[in-house]
Every structure is written in C-alpha cells, then in structure tokens.
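Below is one structure, written out as structure tokens; the observations come after it.
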2 protein chains.
Amino acid sequence: MPDRPATEPVQEIHAQHGQPVLMRALSLLAGFSDKRRSLSLVELSRAAGMPPATALRFLRHFTEWGALERLEDGRYVIGVRLWEIASLAPRGHGIRDIALPYLEDLYEITHQHVLLAVRDGRDAVLIDRLSSKDATEVAYRVGGRLPLPTTAVGRILLAHGSPSLQDEVLASPIDAVPGTAPVSARELRMVLADVRRAGVSTVHRSLPSKTVSVAAPVLGPGAEVVAALSIVMPDKGILEHEVIPAVRTAARAISRDLGYQPATSAAVRHLREAHP
Amino acid sequence: MPDRPATEPVQEIHAQHGQPVLMRALSLLAGFSDKRRSLSLVELSRAAGMPPATALRFLRHFTEWGALERLEDGRYVIGVRLWEIASLAPRGHGIRDIALPYLEDLYEITHQHVLLAVRDGRDAVLIDRLSSKDATEVAYRVGGRLPLPTTAVGRILLAHGSPSLQDEVLASPIDAVPGTAPVSARELRMVLADVRRAGVSTVHRSLPSKTVSVAAPVLGPGAEVVAALSIVMPDKGILEHEVIPAVRTAARAISRDLGYQPATSAAVRHLREAHP
DNA sequence: ATGCAATTTTCACTGGGTGAAAATACACTC
DNA sequence: GAGTGTATTTTCACCCAGTGAAAATTGCAT
C-alpha cells in the first residue's frame, strides 16, 4: 500500500496487516457475540477489518475443519467441533464440573442466583449460573463477561489479582454502572483491601431491583485464587450477613475439591517437602 | 522434500504439508481430549504431525489471542476466551439452554439419566446430561462422542440423517460394543427403518449394568432432526414402554420451543407461502 | 426487467511461513 | 557435580501459501 490518505487513522482495529495469519484468522471468531450468533461473510470481514475475499478463505478453512458451520442461508455459526474441544477448558467446564454439586447445595439452601466466575484479562467470565425463574432478575449469561471493579465476583478476582493487574484496572476510568454508587480509584483500593482482609466481597445494587451480591474466593492447589463464587439476592436489609458463612463455606469446599490444602501449617509443609 | 523413503506411508496422519496454514494450526487443538486436557509442546507437535518449531509458533499465536493458556509448568490448556466464544455454538449451549427446562422435567419424573445429543460427522456429541449420583452408571461426558450405530440417540440421528451419511456409516465396519448384541449392516438398516416409523429408538445393554435407553428425535423449524433426547434406565423387564410417551412428549415440547410447527397441514403451509 | 449488494472466482505479486540445525534450559542419573 | 538425554526456544536462508483488487456470479429486492 504505497499511499494511504493521511487523514483517517485506519478504521480497522483488529487484525492489521503484518500480523501473523493465524491471529488474523482467529480475529474473525471475535465477531461472534451473545447477540450475534450467526454472521454473514461481510459482517465477519467488516468486524475483523479484512477484505471479504481474505475472510472467505479463512471461513472455508474453519468450516472444513468444523470450527464453524454454515446455515442453509449461507450465514456462519460456531460449530460443535469447536464447542466440543473448548469444553475441555480447565477454567471453563473443568472447574464447573467440580463446583456444580456445591453450587447446587448453595442454591438448594438459598433459592437465589448462584454464580461462578473466573478472570480473563480485565473482565470476569461467568462459568456457571444456577437460578430459579422466580429469583431476582439478573442479566448475566453463562459465557458472558462482567466488569471487575463493580461486581462482587469481579472485586474478589481483582483484589487477589497481581499488583500490575490492579494498577492497570485502577488506572483506566471505572465505568459507572446504573444502580451502584460510583467509586473512585482511591475508594476502590480501600474496598479491595477490605475484600482481601474479610475474604468476602459485598455489592449493593438498586437497579433493575434492589439486590445484594456476596462473593467469596475459590482457591487452587497453590492457594492462588482461581475463581469467585457468589450469591445474588434481594436486598432486604441486614439479611446478607446470614449468607456470608454459607458462601464462604461453599467456596472453601470447592477449593478443597480442587486440591487446595486449607490447613497447611509450616510444619506440615516442611514434612511434605522432605518426603514428596 | 526431494527423496522420501518409499517404505513408510508417512506416519503423520494430520496436517500434511501443503494444507492451508490455518487448518494445520487448528489440527493442533485436536490433540486435546477428555483424558489429556493439558499438553506439552512435543506432545502437541507429535499429535498434529508437525515439527516442534512450527508448532511452537502456532501455539504462541493461540496463546497470545487467548485460545490457549499456559500453565506454570509450560504445558498448554484450552483458554477461557475460546471456551467463551465456543459457548455461543447454536448446536452446543444454544440448544441446551432451550432444552434444559424440559430435560429437568423429564429428570424430575424418572430420576434417571437424561441425555441430549447432536450429530457431528459420524458421531453423536453429548450436549447435556442430567443424572443423580444414585442413577445407573454411564460413562458419557458432556462434550464427549458416542457412536451412531450402537446407541439410542445415535440411531435416532442416523435414521434421520441423509442417505449418503447412512451409506457411509453402514459401509464401514460397525464397532462391536461390549454388552450389546452385534449388528450387521443389513440388520441395522431394518432397525433404522423401524426407528423412523416408530419415532423412537430403544437400545438394551448388559454392561456395565443392565440398562435400556429410549431416545426420540428433536425437530427444528424446518422439521429437520436437530438433536436426540434420551433416557437411560435400569433394565427391569417391560418397564420401558411406560417412559416412551414421556420421552416423546419432552422431545416434542423442545421441538416446539425451537420453532417447529407440529400440525402444519398442506393447506396451512400453502397459506403461509402465499402470505409470508 | 433493473439495480444493488453479497458472495465467489481469478490471478499476478510478495511477505509471512517453514523447519533443519544449533543453542539453551531442564531433569534426571551415576 | 559432572554427564546424558530430552524438551524448549532461537536462528535464518528458502520459498510456498497467503494476499486482495478486480471481475464474474448469485441473490434479492423494486
């Protein structure tokens, strides 16, 4: 491309020329979302910022391999083959399978929404959700993304994230969420310290209805936080204190099942290192 | 490659030289399975039949994009990003989300295994499964594959598949499954005709325990079979006839929810075409 | 019929892919 | 703690698969 008009800073955000083929191809998949589960060639090529001819070649390869499938009308959808392989993600269905019985216990007791989320980049990703039809409404969908600074699960994951992650998230403006009190970076730092100390995170929200979320961390074998478990229930005053032990207990039970050793004292650890 | 020894018919089954980059890269993902959820560089490169140096380049791109993640020990696993996008597969979680309430109804009534599967190539892929701990044991896992000719769901999907699919499956030798009576291609053809006529498929199995599976087809908007629903229960004689109506009813309810119009007479169809 | 947009094919050009080989890191063994 | 084997990573000269504008084709409104 010899002459590019100096005015426009190039529209295409994704998949610039010069990137490896594979990553440009993968950027096509990013066009899919909850609201757009089937896409046409031009829609995909526009979303990924590449010429239709190029996109078409990729899409054919994806389709032939089974990562995508084609509907009768020519639109593309994610294929079962990809779904099948992706369902092996340890942080996806992997954690889910182990956690499910405990989520059910928690659900059985409270009959409110029960959420399980992991962190991916600057978001929390919802791994599983149990909820009856008559529980309070929430918009979250399995596979969907939640912001870190303004949700109970998000704050758990953020509070136990690396300092560099926290700096990154706190540096960028925190999106105000309708129904929650807006927080400054300064306030959020204090909140996160509280979350770390208390081992739970509580978030009140007044829209679409008055709710409280209570979340607790789930730990992996190395005591690192791998997920966050939460209950979302109607806000009826001080009731929330009663569910905190339940959420923490369930989170701890999942942690144990994941291989975390709760009561590893220094002495025991020493013995274990000596005789592995 | 100028001289290839004429003896070996080339070990590498996948990703031969000459194939498009994208498909070779994707073939790396095929190395993952239920039993091997984390793989090292060489394991992946060997499974895909490509040099480690080449595999490494791909794996880095996958990892950078988020399709794969790297454990502390350097092994690779499927990433949340891929899981997230793949969960948008209409024939994966898409069908699952719609069918789940009906599966729960069926489960509530029978308290036996409830299975939902779609077809991919020459296999059935398990989309969802409900089962209590005390139900009969079955090995099937969500995301796992089942053979078409020897399972109840498989036979539903095969019976309503295209003639070319049936020919293809019947032409290749049918793997004998321990605990089921082996079938010849000739017998299977008759069985499939029965399945089409009756609208259900029943399979008896004596290992690992005596069970009966009863499956029924789930139809999409165009009356095409999109999935199969099944119950697996202990084989205690003639009890199975009682669950057939339940399975068929549930399958029909899911079909309706998917947009299938059960009672579309020729007259109605004509009207609809005239005024779309 | 006519026009417009999406899909697909073509093709000359070229830039990212390729993989053997060497270097490095790592994990055992004696 | 030197030694051996294996896995991971880097390098680099070669070249084949990727590229995308343009034209042809299909599909669908008007």
Side-chain angles (χ1 to χ4, degrees), chain A residues 1-5 8 10-12 14-29 31 36 38-65 67-77 273 275-276, chain B residues 1-5 8 10-12 14-29 31-32 36 38-65 67-77 273-276:
Chain A
M1 45 183 95
D3 57 329
R4 178 202 293 162
E8 279 283 329
V10 190
Q11 191 63 280
E12 304 92 48
H14 323 269
Q16 226 67 256
H17 198 104
Q19 278 200 28
V21 209
L22 179 51
M23 292 189 63
R24 263 176 299 153
L26 286 172
S27 78
L28 277 170
L29 298 182
R36 333 195 97 242
S38 75
L39 295 169
S40 70
L41 170 64
V42 266
E43 285 171 336
L44 281 161
S45 71
R46 268 203 278 269
M50 67 175 74
T54 306
L56 179 67
R57 202 165 352 102
F58 288 146
L59 292 173
R60 277 215 261 256
H61 297 157
F62 274 130
T63 309
E64 189 181 339
W65 188 79
L68 296 178
E69 293 173 11
R70 227 161 161 204
L71 305 176
E72 318 77 59
D73 61 0
R75 300 171 70 81
Y76 297 86
V77 294
E273 275 158 16
H275 313 281
Chain B
M1 42 182 97
D3 57 329
R4 179 201 295 161
E8 278 284 330
V10 190
Q11 191 66 278
E12 305 91 48
H14 323 270
Q16 226 65 256
H17 198 104
Q19 278 200 28
V21 210
L22 180 51
M23 293 188 62
R24 263 176 299 152
L26 287 171
S27 78
L28 278 170
L29 299 182
F32 292 96
R36 332 195 96 242
S38 75
L39 296 169
S40 71
L41 170 63
V42 266
E43 285 171 336
L44 280 161
S45 72
R46 268 203 279 269
M50 67 174 74
T54 308
L56 179 65
R57 202 164 352 103
F58 288 148
L59 292 173
R60 277 216 259 254
H61 298 157
F62 274 130
T63 308
E64 190 180 338
W65 188 80
L68 296 179
E69 292 173 10
R70 219 152 173 215
L71 305 177
E72 318 75 61
D73 62 359
R75 300 172 68 80
Y76 297 86
V77 293
E273 276 159 14
H275 313 281

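Labels below follow one simple rule: chain letters A, B, ... track the order of the sequence lines, proteins then strands, and each chain is numbered from 1.
Between the side chain of B:R36 and the backbone N or O of B:G31 there is no donor-acceptor pair closer than 3.5 Å.
For A:P51, the listed nucleotide lying nearest its side chain is D:dG20; candidates were D:dG20, C:dG19, D:dT19. Distances from the side chain of A:R24 to the nucleotides D:dT19, C:dT18, C:dG17 place D:dT19 closest.
Spacing between atom CG of A:L22 and atom C1' of C:dT18 amounts to 15 Å, rounded to whole angstrom units. Taking atom CG of B:D73 as the reference point, atom P of C:dA25 lies 19 Å away to the nearest angstrom. In this structure, the CD atom of A:E72 is 15 Å from the P atom of D:dG27, given to the nearest Å. Going from atom CZ of A:F58 over to atom C1' of D:dG20 covers 11 Å, rounded to whole Å. As a whole-Å value, the separation of A:Q19 CD from C:dG16 C1' is 13 Å.
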Nucleotide N/O of nucleotides 4-13 of chain C paired with protein N/O under 3.5 Å:
from	atom 1	to	atom 2	distance (Å)
C:dT7	OP1	A:L41	N	3.3
C:dT7	OP2	A:V42	N	2.8
C:dT8	OP1	A:R70	NH1	3.2
C:dT8	OP1	A:R70	NH2	3.4
C:dT8	OP2	A:R70	NH2	3.4
C:dT9	OP2	A:R60	NH1	3.0
C:dT9	OP2	A:R60	NH2	2.7

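The nearest pair of heavy atoms linking A:R75 to A:S38 is NH2-O, 2.7 Å. Between B:F58 and B:M50, the shortest heavy-atom contact is CD1-SD, 3.8 Å. Scanning all heavy atoms of the two residues, the minimum distance from B:E43 to B:S40 falls at OE1-N, 2.8 Å. Nearest heavy-atom pair across B:L59 and B:L28 is CD2-CD1, 4.1 Å. Heavy atoms only, all atoms of each residue included: B:Y76 and B:F32 are closest at O-CE2, 3.3 Å.
Between B:R57 and the phosphate of C:dG16, there is no side-chain N or O to OP1/OP2 separation shorter than 4.0 Å.
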